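In what follows, a single structure is set out as structure tokens and then discussed.
Bear in mind the structure is a predicted one, so any value in this text is a computation, not a measurement. Quick note on labels: first sequence line is chain A, next is B, and so on, each numbered from 1.
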There are 2 protein chains.
Amino acid sequence: MCSMVRRPPGIELALLGFLLQGPQHGYQLHQIISDLSGLGLIWRLKQSQLYALLNKLETDGFVISTIKNQDPHPPRRIFELTESGRRIFFAWLADPVTAPRLVRQDFFAKLYFAARENKDTARRLIELQRIVCQSWIDRFNEKLAVSEQASYSWTMYQYRLGQVKALQSWLDAYEKTLST
Amino acid sequence: MCSMVRRPPGIELALLGFLLQGPQHGYQLHQIISDLSGLGLIWRLKQSQLYALLNKLETDGFVISTIKNQDPHPPRRIFELTESGRRIFFAWLADPVTAPRLVRQDFFAKLYFAARENKDTARRLIELQRIVCQSWIDRFNEKLAVSEQASYSWTMYQYRLGQVKALQSWLDAYEKTLST
DNA sequence: CTTGTATACTCATTAATTGAATATGGAGAA
DNA sequence: TTCTCCATATTCAATTAATGAGTATACAAG
């Protein structure tokens with residue numbers, strides 16, 4: 001029974017993010033999060049999955065739902081962000097991701113919401129992520145230094161170093177577009 | 001009951017790969033696959049998970065297990081590759097991965113076994129992956145061409161393009177080390 | 001008048017993951 | 001010696017997650 005505080009995965013935080021605009025029902029949220037010009041590029045989830053996530057968020061107290069009858073239309077379950085949900089969302093938004101493999105989905109989800117907030121929020125996120133990115137570069141360089149040249153791990157770290165360097169370039173380029 | 005043929009995930013194929021060397025028991029396989037200078041850099045799995053995977057592989061007929069008593073030591077369950085298992089492994093090994101997100105784990109697992117086979121196998125894999133990688137670059141360029149500049153999807157594709165280009169550079173560099 | 005699609009959510013089943021349980025031998029410390 | 005800790009080797013029950021189908025209505029198009 002050691003429940004502690006669950007750290008919801010990025011996709012749940014994204015759900016919270018969409019509820020900032022105001023209460024929504026599940027079906028609506030599913031459409032929004034599946035939008036192929038937005039987070040649909042990052043995650044795809046089935047309806048039943050989405051409702052499961054919303055249930056968890058409600059158990060954690062990050063959202064509350066109320067049934068709203070729309071007779072004769074099917075009744076809607078409206079989800080609303082709680083104060084606790086708002087807090088955890090902004091905490092998540094302010095933090096860079098801690099591993100390169102989280103960039104593709106989690107970082108870009110954060111960026112999505114940061115950019116929709118305002119340029120400063122986006123800039124702050126990029127700044128922090130740049131620092132973390134630099135630490136990855138340093139770490140991989142250290143790993144390379146202690147790996148036998150052309151060994152499997154050396155080869156692998158060469159690749160990973162290349163990936164994080166490409167990320168760094170991208171962060172630089174993106175930051176420039178924000179300064180205008 | 002539409003079972004069809006299950007396409008096992010990369011980690012199961014890796015298990016088959018380790019059985020090429022000869023029959024092994026689960027505990028041994030767990031140690032081998034967890035080796036931090038090998039596939040342990042890519043995947044980490046718990047013992048109980050490993051046995052679950054082996055059970056699936058046996059159901060599919062890719063391995064067969066026999067119990068071997070080692071009294072008074074705990075009995076071992078020895079796993080052996082079947083002909084069908086060997087076939088599916090080499091088919092997997094010969095194919096490049098079909099999506100950028102599969103490079104980090106699946107492609108590098110393939111490379112691990114390809115390189116341990118011989119240089120030609122590795123070279124063939126790299127060659128094929130280069131072709132696929134080029135197609136990713138083309139695709140992202142097309143996406144960029146039809147995306148509104150500085151839109152979210154444009155931004156995202158810029159990033160993805162950078163990543164696959166870095167992969168391409170790495171493939172080039174790695175291929176050169178093979179030619180010596 | 002019929003077919004198809006959009007709305008809106010639930011549920012039972014299957015699949016995957018987890019941590020713990022089991023049971024023994026051997027190494028090293030006290 | 002005796003105690004403790006770690007390595008060996010696998011299984012299992014229990015929790016969690018994922019999937020597809022089911023339900024039921026409205027509305028538009030053909």
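For the pair Leu29(A) CG and dT7(C) P, the computed distance is 14 Å after rounding to whole Å.
At least one side-chain heavy atom of Trp154(B) sits under 4.5 Å from a side-chain heavy atom of Leu144(B).
Counting any heavy atom pair closer than 4.0 Å across all strands shown, His30(A) reaches no nucleic acid atom. Residue-level contact check: Gln31(B) touches the backbone only, with heavy atoms under 4.0 Å from sugar-phosphate atoms and none from bases.
By the 30° and 60° cut-offs, the orientation of the rings of Phe89(B) relative to Trp92(B) is tilted.
Every residue was checked against the salt bridge (charged side-chain N to carboxylate O under 4.0 Å, His left out) condition with Asp35(B), not counting sequence neighbours, and none meets it.
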Please list, one pair per line, the donor and acceptor atoms closer than 3.5 Å that link side chains of residues 26-33 of chain B to other protein atoms, with sequence neighbours excluded.
{"from": "Gln28(B)", "atom 1": "OE1", "to": "His25(B)", "atom 2": "N", "distance (Å)": "3.4"}
{"from": "Gln28(B)", "atom 1": "OE1", "to": "His25(B)", "atom 2": "ND1", "distance (Å)": "2.9"}
{"from": "His30(B)", "atom 1": "NE2", "to": "Leu45(B)", "atom 2": "O", "distance (Å)": "2.8"}

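The side chain of Arg76(A) contributes an N or O atom lying less than 4.0 Å from OP1 or OP2 of dA8(C). The side chain of Tyr27(A) contributes an N or O atom lying less than 4.0 Å from OP1 or OP2 of dT7(C).
The environment of CD in Gln21(A) is crowded: more than 12 heavy-atom neighbours from other residues, nucleotides or ligands sit within 6.0 Å.
Near DNA chain D, meaning a heavy atom under 4.0 Å away, the residues from residues 40-66 of chain B are Gln47(B), Ser48(B), Tyr51(B).
A donor-acceptor contact under 3.5 angstrom links the side chains of Gln134(A) and Asp138(A), judged on distance only.
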